[in-house]
Amino acid sequence: MNISHDSVNRFLNRESYDGEDLFNEVKPLLNLNGGTLSVDDSVLDKPYANYIAFIGYFWSGKHHASVQGINLVTLYYTDTQGNNYPVNFRVVDKSENKTKNDYFLEMLEAVLAWGLKPAMVTGDSWYSCAKNLKVIKNHGLGFMFAIKSNRTVSIEKGIWQQVQKFNVPENGLLVWLKDYGSVKLFRTQLKDQLRHYVVYQPNEEKLTQFGRRAFDLEHDKHWQIEQYHRAIKQVCNIEKFQVRGKQAT
């Protein structure tokens, strides 16, 4: 674009943008009804940046360890026509004493207030606590979330077992998730690792009919946010990532 790095920094220092500005930019490009809303976070590695705002130590799935960097939480929406864009974001600020789950619930409430009407919400196991699932259910939305293999479920009243010990059919297994309620359990194989997911539909008949094909479709939609965060990391590896005070550029 033939724009100097300093010009970009001056522009971003002068202006102030938040998640609603992002949403308003992409809103005309999306069908706001009936799509899939995904949550995920990514650590932008900054091993040598000790005096930049928002820098902290965060768990990195890439490194399988806590690393120094900037933690970006994103809500990403895929509409029924396959169009997909980020619709809200937060940069984790430890001085606010909020967890990533706190940010997620704030961001979810915000996009719903702005007019987004997803049919499904998806995320990894970090965001699958019972509180989050209940909030999504109370909004009348379906969900598909990964869960840890030691989460307990029941198919017979009073008998609880870890999900990793169940024989899960290809089209899922109706179970009762502890501290939550009725869901459908799915299992996938990633390389040498088993992963478990729970699916909820507001309509009981739809939940019963939700099979492997529907699960794979939702899983593919959720993968869009993974690709988005990979792209963000590539950009940050190319360009110097700077933060002035509370303004991230």
Side-chain angles (χ1 to χ4, degrees), residues 17-44 61 70-92 98-129 131-147 183 186 188 195 197-203 206-207 210 213-236 248:
Y17 297 105
D18 59 22
E20 189 170 8
D21 295 303
L22 173 63
F23 182 82
N24 288 332
E25 283 293 318
V26 301
K27 181 167 64 173
L29 308 173
L30 293 165
N31 178 351
L32 302 183
N33 296 300
T36 296
L37 182 67
S38 301
V39 59
D40 196 14
D41 63 274
S42 183
V43 179
L44 310 175
I70 295 172
N71 198 194
L72 174 68
V73 186
T74 305
L75 288 186
Y76 200 89
Y77 181 71
T78 302
D79 71 14
T80 52
Q81 284 74 47
N83 304 306
N84 51 85
Y85 291 97
V87 291
N88 204 351
F89 70 92
R90 294 288 188 279
V91 176
V92 175
K98 294 179 181 179
T99 68
K100 289 186 287 187
N101 285 296
D102 293 330
Y103 285 116
F104 165 55
L105 292 179
E106 286 181 5
M107 294 160 66
L108 175 64
E109 297 289 346
V111 295
L112 296 179
W114 298 337
L116 193 68
K117 298 177 181 179
M120 293 285 285
V121 181
T122 68
D124 65 20
S125 59
W126 189 281
Y127 297 94
S128 65
C129 64
K131 178 182 177 180
N132 288 355
L133 302 185
K134 288 176 181 178
V135 169
I136 296 169
K137 178 181 179 179
N138 290 340
H139 279 292
L141 306 175
F143 63 69
M144 184 196 77
F145 277 82
I147 59 172
V183 294
F186 287 84
T188 63
R195 291 193 176 184
Y197 293 80
V198 289
V199 171
Y200 167 77
Q201 289 285 330
N203 182 294
K206 286 185 177 180
L207 179 60
F210 194 99
R213 184 173 183 276
F215 171 82
D216 289 341
L217 287 172
E218 289 301 327
H219 193 273
D220 288 346
K221 291 176 185 177
H222 178 74
W223 189 248
Q224 298 295 333
I225 195 171
E226 300 280 354
Q227 294 177 316
Y228 171 72
H229 278 153
R230 287 183 182 182
I232 290 288
K233 287 185 176 182
Q234 288 174 351
V235 170
C236 292

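Just the heavy atoms: all of them, side chains too, but no hydrogens, waters or symmetry mates, feed the values below. Since this is a predicted model, take the numbers as computed values, not measurements.
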Where is the tightest heavy-atom contact between [X] and [Y], given as atom of each residue plus distance?
X	Y	result
Ala146	Ser128	O-OG, 3.0 Å
Thr74	Leu72	OG1-CG, 3.8 Å
Ala119	Gly34	CB-O, 3.6 Å
Pro202	Gly140	CG-O, 3.4 Å

Once you round to the nearest 0.5 Å, how far does [atom1] of [X] lie from [atom2] of [Y]?
X	Y	atom1	atom2	value
Asn88	Leu112	CG	CG	10.5 Å
Phe145	His222	CZ	NE2	8.5 Å
Gln81	Leu30	CD	CG	9.5 Å
Asp124	Tyr197	CG	OH	8.5 Å
Leu75	Glu106	CG	CD	11.0 Å
Asp41	Ile70	CG	CD1	13.5 Å

Taking [Y]'s backbone N and O only, do any of them form a donor-acceptor pair with [X]'s side chain (distance below 3.5 Å, no angle check)?
X	Y	result
Asn132	Tyr127	yes
Tyr77	Gly35	yes
Asn138	Val135	no

Flag the pair [X] / [Y] as yes when at least one side-chain heavy-atom distance between them is below 4.5 Å, and no otherwise.
X	Y	result
Thr78	Ser38	no
Leu105	Lys131	yes
Leu116	Phe23	yes
Cys129	Asn101	yes
Pro118	Leu141	yes
Ile136	Leu108	yes
Met144	Val199	yes
Lys221	Asn84	no

**Study point:** CD/Glu109: more than 12 non-hydrogen atoms of other groups inside 6.0 Å
**Key:**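 More than 12 within 6.0 Å, yes.
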Exercise for review: Could I get the full list of side-chain contact (heavy atoms from CB on, under 4.5 Å) partners for Asp21, not counting sequence neighbours?
Suggested key: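 Scan of Asp21 (side-chain contact (heavy atoms from CB on, under 4.5 Å), adjacent residues dropped) gives Tyr17, Asp18.
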Review point. Do Val183 and Phe143 pass the side-chain contact (heavy atoms from CB on, under 4.5 Å) test, and can you show the C-alpha distance, the side-chain angles, and the key distance before you say yes or no?
Key: CA-CA 10 Å; Val183 294; Phe143 63 69; 4.2 Å; yes
**Study point:** Trp126 six-ring face occupied by Lys100 cation (under 6.0 Å, within 45°)
**Key:**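 Yes - Lys100 lies over the ring of Trp126, closer than 6.0 Å to its centre and within 45° of its axis.
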**Study point:** Audit row: Tyr200, Leu133, side-chain contact (heavy atoms from CB on, under 4.5 Å) steps and yes/no
**Key:** CA-CA 9 Å; Tyr200 167 77; Leu133 302 185; over 6 Å; no
**Study point:** Pair Val111-Met107, side-chain contact (heavy atoms from CB on, under 4.5 Å): steps then yes or no
**Key:** CA-CA 6 Å; Val111 295; Met107 294 160 66; 5.7 Å; no
Review point. Centroid-to-centroid, His219 to Phe186, below 6.0 Å?
Key: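 Ring centres of Phe186 and His219 not closer than 6.0 Å.
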Review point. How far apart are the C-alpha atoms of Val92 and Tyr103, what are their side-chain angles, what is the distance that settles it, and do they pass the side-chain contact (heavy atoms from CB on, under 4.5 Å) test?
Key: CA-CA 8 Å; Val92 175; Tyr103 285 116; 4.0 Å; yes
